[in-house]
Visitor: 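Quick one: the structure is below, questions incoming.
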There are 2 protein chains.
Amino acid sequence: MKQIDSQNLFEEYWEQYHFDQFFGFDIRPYTSLLAFDPEDVILQEGTKSNHLYFLLNGRAKVFITHKNGTVTLVNFLEAPCFIGEMEMVNDQSACHGVTALRACLCFSIDLSCKAQLLQDTVFLQNLCKFLSRKTLSDVQNYSRNQAYPLKTKLASFILLTANNGLYRERHTETAAYLGVTYRHLLYVLAEFVKDGILEKTPHGYRIVQEEELKQIADGDI
Amino acid sequence: MKQIDSQNLFEEYWEQYHFDQFFGFDIRPYTSLLAFDPEDVILQEGTKSNHLYFLLNGRAKVFITHKNGTVTLVNFLEAPCFIGEMEMVNDQSACHGVTALRACLCFSIDLSCKAQLLQDTVFLQNLCKFLSRKTLSDVQNYSRNQAYPLKTKLASFILLTANNGLYRERHTETAAYLGVTYRHLLYVLAEFVKDGILEKTPHGYRIVQEEELKQIADGDI
DNA sequence: TAATGGGTATGAGATTTCTCATATTGTTTT
DNA sequence: AAAACAATATGAGAAATCTCATACCCATTA
């Protein structure tokens, strides 16, 4: 993690996300621009942070570590979103860990202005909206994971993450997100290839029968 | 669902939960007391409500219906908590259904004062706290469901819900909450009985070997 | 250069969980 | 009282998923 001093970049993102609009007062003096490398820890599970982050670019994962050592991937975070807001309002240490998956750019807000934030209706309203959307996204992911077999969930996930008909997520990440073992994921992926729905290429899996895949994702098969 | 006109009961709950404290203005004129019978719908999935509820007593369930007809129980709601707050801040129709499991008493807030609520820092702060706690509880339930087999989850659940060493939840509800079929739940329950950990009685299942059950709940077995 | 570690890949066998069928009981509705 | 319904209960077989073992490739590190 390192601070980015480029004023240009700062301005660029500030404009892009209309960062002013989230606050009823001038948050600029408390804000700086940070870059996280892949694997960098953004929030350490169980420790307290005195910053509130806003993801501008990149992708991060939210996870929980269980007593038996297994790690559950709760969700991905994609820009734009806040990070660390739950901890801030409850004034508690991080209940999830957050780690960068790709290079991430964030605004970092120094919580020395916390009292001011908690009196700002503009900010609080936005926070409520972000929180409820995040909850909704978590819960939908969660309940979908319970309601369907991997075949269905994987089909959705491939359609969601493919670019130009090419699926190239890391198997390790996908398996964690979908809540299954790596082994099982490969079984089902192999099944899709055998059925001619996907084709394995050196650059990733190419979607051959998109309609079929959509039907599977809809739980029709 | 019916309105309760007893001024006494109203006052009693108002005091018990210090209901004033959640608001920066006088919410009383907008508040009434409602009683829901078991099975009554509190929030109808997909429709818009113009009330915000606050659960005073009883127990409700939050669920999502999937396209394939399966219903996922997202969580239980226990007093005290808000109901319908996500829909309110995002001004959208209910993304989960909420149904009473036991007789439920609620304060019902008429959202004609919505604009005022959304300008009230006291309320907004409390809402943020409630929202993040709810998220946390959902996510912990969710991730636990992914990380352990039913044996482990059921052991926790029995320890959580037993009264005086007696477990007597409805199997149908437990199965839904733990995200498994009814059939499978009965298998594992029977296994506990066979192993002498539980004993089946006419009034419910009695916990015989509590230490053993705790070990299983901890994932140690 | 050798060793280490992460991601990828595949097989074999075990465990968990599901589907379907069927029966009993107690309660509510007709 | 008969019918309908929801919860409980159990069996048999199938599907989904996991564990463990093993191997290869590539990049980083000693």
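All values reported here derive from a predicted model rather than from experimental measurement. Below, read A as the first sequence line, B as the second, and so on, with proteins coming before strands; counting in each chain starts at 1.
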Visitor: Apply salt bridge (charged side-chain N to carboxylate O under 4.0 Å, His left out) to B/Lys151 and B/Glu191, showing your working.
Guide: CA-CA 9 Å; B/Lys151 192 174 176 178; B/Glu191 197 185 326; 3.7 Å; yes
Visitor: From the list C/dA9, D/dA9, C/dT17, which nucleotide is the closest neighbour of the side chain of B/Leu186?
Guide: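 Within the option list, the nearest is D/dA9.
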Visitor: B/Tyr148 OH to C/dT17 P: how many Å, rounded?
Guide: 14 Å
Visitor: Ignoring hydrogens and angles, write down the donor-acceptor pairs under 3.5 Å from the side chains of residues 82-100 of chain A, residues two or more places apart or on other chains.
Guide:
| residue | atom | partner | partner atom | Å |
| --- | --- | --- | --- | --- |
| A/Glu85 | OE1 | A/Lys134 | NZ | 3.4 |
| A/Glu85 | OE2 | A/Lys134 | NZ | 3.0 |
| A/Glu87 | OE2 | A/Cys95 | N | 3.4 |
| A/Asn90 | ND2 | B/Ser132 | OG | 2.7 |
| A/Asp91 | OD1 | A/Lys114 | NZ | 2.9 |

Visitor: Bend across the helix from C/dT1-D/dA30 to C/dT30-D/dA1, to 10°, with axes taken over 5 pairs at each end?
Guide: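 Rounded to the nearest 10 degrees, the bend comes out at 40°.
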Visitor: B/Phe19 and ring pair (Phe, Tyr, Trp, His ring centres under 6.0 Å): which single residue from B/Tyr13, B/Phe10, B/Phe54 fits?
Guide: B/Phe54
Visitor: Between atom OH in B/Tyr205 and atom P in D/dA7, what is the gap in whole Å?
Guide: 15 Å
Visitor: Is it true that B/Phe192 and B/Tyr205 have ring centroids separated by less than 6.0 Å?
Guide: no
Visitor: Could you state the atom-to-atom distance from OH of A/Tyr167 to C1' of C/dT8 in whole Å?
Guide: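 Nearest whole value for this atom pair: 13 Å.
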Visitor: Between D/dT17 atom P and A/Leu154 atom CG, what is the distance in whole Å?
Guide: 11 Å
Visitor: To the nearest Å, give me how far apart CG (A/Leu185) and C1' (D/dC18) are.
Guide: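 Answer to the nearest Å: 13 Å.
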Visitor: Among residues 189-203 of chain B, which residues get a heavy atom nearer than 4.0 Å to DNA chain C?
Guide: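 Listed by number, there are none.
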Visitor: Between B/Leu198 and B/Val208, is any pair of side-chain heavy atoms under 4.5 Å apart?
Guide: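 Side-chain contact under 4.5 Å: no.
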Visitor: One character per nucleotide, please: for nucleotides 20-30 of chain C, 5' to 3', B when the base has a protein heavy atom closer than 4.0 Å, S when only the sugar-phosphate does, - otherwise.
Guide: -----------
Visitor: Just the rounded figure in Å: distance from P of C/dT16 to NZ of B/Lys153.
Guide: 12 Å
Visitor: Could you tell me the separation between the OH atom of B/Tyr187 and the P atom of D/dA12, rounded to a whole number of Å?
Guide: 8 Å
Visitor: Is the side chain of A/Tyr182 donor-acceptor paired with the backbone N or O of A/Ala175 at a distance under 3.5 Å, no angle test?
Guide: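 No, the answer is negative, given that no donor and acceptor are paired below the 3.5 Å cut-off.
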Visitor: Write down the distance between NE2 (B/His184) and P (C/dT15), rounded to a whole number of angstrom.
Guide: 13 Å
Visitor: Do any of residues 168-175 of chain A sit with a heavy atom less than 4.0 Å from DNA chain C, and if so which?
Guide: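 Correct list: A/Arg170, A/His171, A/Thr172.
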Visitor: Not counting sequence neighbours, which residues clear side chain to side chain contact (heavy atoms under 4.5 Å, CB included) with B/Tyr187? List them please.
Guide: B/Arg183, B/His184
